[in-house]
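Notes follow once the structure below has been shown.
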Amino acid sequence: MTSPTSLTPDEVAHLAGLARMSLTDSELARYAGQLDQILHAVDRVGEVAADDVPPMSHPQPLVNVWRKDEVTPGLTAEQVLAGAPAAEDERFRVPRILDGE
Amino acid sequence: MNASADSMHLTSRTATELAAAIAAGDVSARQVTDAHLARIDAVDEGIHAFLHVDYDGARAQADAVDAKRAAGDTLGPLAGVPVALKDVFTQQGIPTTAGSRILEGWRPPYDSTVVTRLRNADCVILGKTNMDEFAMGSSTEHSGYGPTRNPWDTDRIPGGSGGGSAAAVAAFEAPLAIGTDTGGSIRQPASVTGTVGVKPTYGGVSRYGLIALASSLDQAGPCARTVLDAAHLHAALAGHDPKDSTSLDVAVPDVVSAARRADVRGMKVGLVKQLSGEGYQAGVSQRFDEAIEILRELGAEPVEVSCPNFEYALAAYYLILPSEASSNLARFDGMRFGIRVGDDGDANVEEVMSRTRAAGFGDEVKRRIMLGTYALSSGYYDAYYGQAQKVRTLIARDFDAAFNEVDVLVSPTAPTTAFKLGEKLDDPLAMYLNDVATIPVNLAGNAAMSLPIGLAPEDGLPVGLQIMAPSMADDRLYNVGAALETALTDRWGHLLIEEAPAL
Amino acid sequence: MSTAIVNPDFATALQTYKPVLGFEVHVELSTKSKMFCGCPTDFGAAPNTHVCPTCVGLPGSLPVVNQAAVEATIKIGLALNCEIAAWCRFARKNYFYPDMPKDYQISQYDEPLCSNGYLDVDVVDESGEHHTVRVEIERVHMEEDTGKLLHTGGDTGRIQGADYSLVDYNRAGVPLIEIVTKTIEGTGELAPEVGKAYVTQLRELVRSLGVSDVRMEQGSLRCDANVSLMRQDATEWGTRTETKNVNSLRSVERAIRSEIIRQASVLDAGGTITQETRHFQETTGDTTSGREKSDAEDYRYFPEPDLIPIAADPEWVEQLRAGLPEAPGLRVARLQQEWELTDFEMASIVNSDALDLVVATVEAGADHTSARKWWLGELTRIANNDSVALDSLAITPAQVARVAALVDEGALNDKLARKVIEGVLAGEGEPDEVVASRGLAVVSDDGPLIAAIDDAIAANPDVVAKITGGKPAAAGVIVGSVMKATRGQADAGRVRELLFAKLGVTE
């Protein structure tokens, strides 16, 4: 039986790309099966007729939580760069953003 | 008394007793800390509750408490008491991994609010405890650093994601521990290790410095061996924090007084129809039914209540959690902190991010990130995430309706006792079913506790009972929990944990 | 090899096509602290020194909304005649980019704080006729800025060809307001002017609220221009492009004009327009194609669970509405009437970005004629020479008013006044201090003047004869000679008076 949310390895590859994870073909195949199974199970949320029910994004009914516009102490460049995989000139060093021409 | 008997004596005492002994000068905070560090050295190789033990830091904190006492300062109710900290909280300068290889070697430059509160309470932080990677799991087998074992049977899981914290408490390596509960990660480990665990009301304890799994579900709380100990830790952690926008700016319920009151006379206790019966292990149901009888004997009135939408809780949870997690975990990209993989000077930033995340994340994390990415994608949002949030509203309404009728709700915490390591590792759905009874509370944001109610006859392993209370009525958990705990320990002549095999 | 296409000129393009415009303007607010944390927002700090766990996106950190940013956004919304949402949430916009510390941007999605407003824009056509164009505002929402990337290696310092990049997160998390128009139709050949006028007048409006520096050259106001064309007889919009990197008011106009011509040439040749991001090139005045986005813009928006919804108290909103300053358009009209200026004179002030400065100078005691004279003349010249904005010159309206007063009193003449301004700009102190230290006062003591006049009379007997002979106009030679002798510090009027008195001649 094919669930209505059947996922192909190609679709899983697209998701992995969106999520920036380079997965092997065997991982893609395995996740396609497992995600399919999970999606089939969570499809149940669609069984609840809830057209008139407001969605709940926050578990407590708070509004207007904010702070005054005041400067508070932060971190030094040394502190924030100490954990960086690569740093140069007091900045985070990251690989090239575009491939060469 | 020889040294090892003395340290065993100290590690077997409750946090409340230790604090009193330290305050009275019967024992120093340093002796208490050293005893627990010795216990960790003795047993943790077999349990693997800790990812990092901060020997020097713990001793320095203990010495500071002793100095305070010597100077005549008033000590708080937990001063000098050791606490184990789930490795999902930042602690300045202390390795913090959230159980993931992607954060290996990272030392945060700042303290979480939970750590600040522990410092303010003069607690001694022993170290960081093991957990499922980014708190995704119910067995601690998804840790990037190897599983934790259940002190009752080291071939079995200690629950998850906070298996390290629960096992540390159950194995007498720490009298108290901090956990986080997104779908049951404090309560289910408490259930399978014969300990007490509390998920406070969402917003009750600050999330600042808690490495987020699902922001709208995560909540930090206490792990302990007794209800009163948990109450003391809860009181130390709770309260408004302006650094967390979702933190509640209201008075903290007086959980310590409630734990001391322990009086359920006249209370209505609701048995949730949907959280029993099929799928629950026989011994779990049996001990649960006995506990309800005890509550009746204590003067409470058990009634059955129906929460029809709980049936959809698991499905809603496994959409909301992965969705939020897929976004929360995006920042682990190897650019600003943690490991970086495949930066060979040739690969571009997208490739290096993808290689880092592929190498640094484990199986379950990748699975949930993809699930969440899918659920949030345009075209699927309404059917999945949107609909799950509506189910969430319906579950909150079920709770509201139930709490109009009863003071607290109860259920078994987990459908089964501790299962064997590896048993459910290849079957994600079977693993997810462990959370069926604990998830509704996370979705609605109210409070719940798990406490031990005996051993299942068929396997001799601990069974937990879950008490659920309305938002900001956390004190009811402690009142009911303490009453039941007192009745059970009177019956057994000791705490259940004392029946655990010696390690 | 490509076949050369003869570009239709703008007028020809407009005969065939109707342009449809849209604008997304980003304004960086000038709050003291960032949108979601207490780090400072000022420019120019050493890299990664205005940072904390929250704005670098460290694990465990959480955002807390800056109330002043919410207030500023509501003010902008009210000034743009928007409705203020009774309840709205922040949303996460998910995409990976190294300048985005969390790999998602906190923004607003389908629940903006302000929506459905408009700005009536005054546009002057070639013949000098005024047109009022109503630009409808779809939404005004809050979000956070990104960090700054520095591209290293390669030879251009640009992203293309770079070996690697360096990131500074000082700007990450600075409050950013996005103002999005609805589509603007029916502007025809005025499209480029409408675009420029909209951004200009939006900038004036935001500036008048005091919530942002709105400096395009510093990036505190950024404009993305959407342009599409439809045939004159068409009923459906064409495919649009979004042009970024439009860094000046003039560029808004140029970018729209060039994009209209480009699209017309593509369509005329039977081609189709690609929906894409384009970049305006300041040097050539053209737009060039940007990078295609591989993620196809699936941002997976969802409500930000770390932040609490905003439900602006209607009473608060009304207070903010009552406190709004006069709308810039009305203010210009009022001042023009008060000062009795022509359209041209008033437009010169506005176009020179001098209105606030002139008003402040008038408030400091100068009359508007001299205030306009100094700001639009000498000071604009200096600002243009130095390529800086007029209001960033190191002279205050009060100082300009003092210079004007000194001229009015006769203590300075124009030439000396320019030297005083030069001294103030050079940091030599207040105008009076510059006058004293540089010895610039007009010589008003008659003693030295009379001596100089006597010398000049003695040296120019023939000129004296002409004056006494009934040709007072010849006095200029004597006056000039005296001025020269006093190195310009004499009051020419006084010299003239003394000369005539000496010679017993009436003017």
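Below, read A as the first sequence line, B as the second, and so on, with proteins coming before strands; counting in each chain starts at 1. No experiment lies behind these values; they were computed from the predicted model shown.
- Of all the listed residues (A:A50, A:A16, A:A87, A:A82), the one sharing the greatest number of non-hydrogen pairs under 4.5 Å with chain B is A:A50.
- Within the 4.5 Å cutoff, the side chain of B:Q389 has no heavy atoms near those of the A:P54 side chain.
- Between chain B and the options A:V48, A:V94, A:L62, the largest number of non-hydrogen pairs under 4.5 Å is found for A:V48.
- One finds the CG atom of B:L429 at 10.0 Å from the NE2 atom of A:H40 (value rounded to the nearest 0.5 Å).
- Both the backbone and the side chain of B:T393 have a heavy atom closer than 4.5 Å to some heavy atom of chain A.
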Would you check, one step at a time, whether the test side chain to side chain contact (heavy atoms under 4.5 Å, CB included) holds for B:V349 with A:R96? CA-CA 6 Å; B:V349 75; A:R96 75 175 79 201; over 6 Å; no
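- Within the 4.5 angstrom heavy-atom criterion, atoms from both the backbone and the side chain of B:L371 approach chain A.
- Separating the CD1 atom in A:I38 from the OH atom in B:Y374 is a distance of 12.5 Å, to the nearest 0.5 Å.
- If you measure heavy-atom distances from B:Y385 to chain A, you find no contacts under 4.5 Å at all.
- Using a 4.5 Å cut-off between heavy atoms, B:D344 makes no contact with chain A at all.
- For B:Y317, no part lies under 4.5 angstrom from a heavy atom of chain A.
- Both the backbone and the side chain of B:D363 come within less than 4.5 Å of a heavy atom in chain A.
- With rounding to the nearest 0.5 Å, the separation of CE in A:M56 from NZ in B:K390 is 15.0 Å.
- Heavy atoms of B:R367 lying under 4.5 Å from chain A belong to its backbone as well as its side chain.
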Decide side chain to side chain contact (heavy atoms under 4.5 Å, CB included) for A:M21 and B:M370; before the verdict, give the C-alpha distance in whole Å, the side-chain angles of both, and the deciding distance to 0.1 Å. CA-CA 9 Å; A:M21 297 188 292; B:M370 280 190 289; 3.8 Å; yes
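- How far CD of A:Q60 is from CG of B:L248: 4.5 Å, rounded to the nearest 0.5 Å.
- With contacts defined as side-chain heavy-atom distances shorter than 4.5 Å, the pair B:D427/A:Q37 qualifies.
- A:R67 does not touch chain B: none of its heavy atoms, backbone or side chain, sits under 4.5 Å away.
- Looking at B:Q92, the atoms closer than 4.5 Å to chain A (heavy atoms on both sides) all sit in the side chain, from C-beta outward.
- Between the CD atom of A:Q79 and the OH atom of B:Y110 there is a distance of 12.5 Å, given to the nearest 0.5 Å.
- Contact annotation for A:R93: only backbone heavy atoms (N, CA, C, O) come within less than 4.5 Å of a heavy atom of chain B.
- Two residues are said to be in side-chain contact when any heavy atoms from C-beta on lie closer than 4.5 Å; A:L98 and B:N348 fail this criterion.
- Residue B:A330: no heavy atom, backbone or side chain, is found under 4.5 Å from chain A.
- Within the 4.5 angstrom heavy-atom criterion, no atom of B:S215 approaches chain A.
- Among all heavy-atom pairs drawn from B:R336 and A:F92, the shortest one is O-CE2, 3.6 Å.
- At a 4.5 Å heavy-atom cutoff, the contact between B:P428 and chain A is made by side-chain atoms alone.
- Between A:S22 and B:R357 the shortest side-chain heavy-atom distance does not fall below 4.5 Å.
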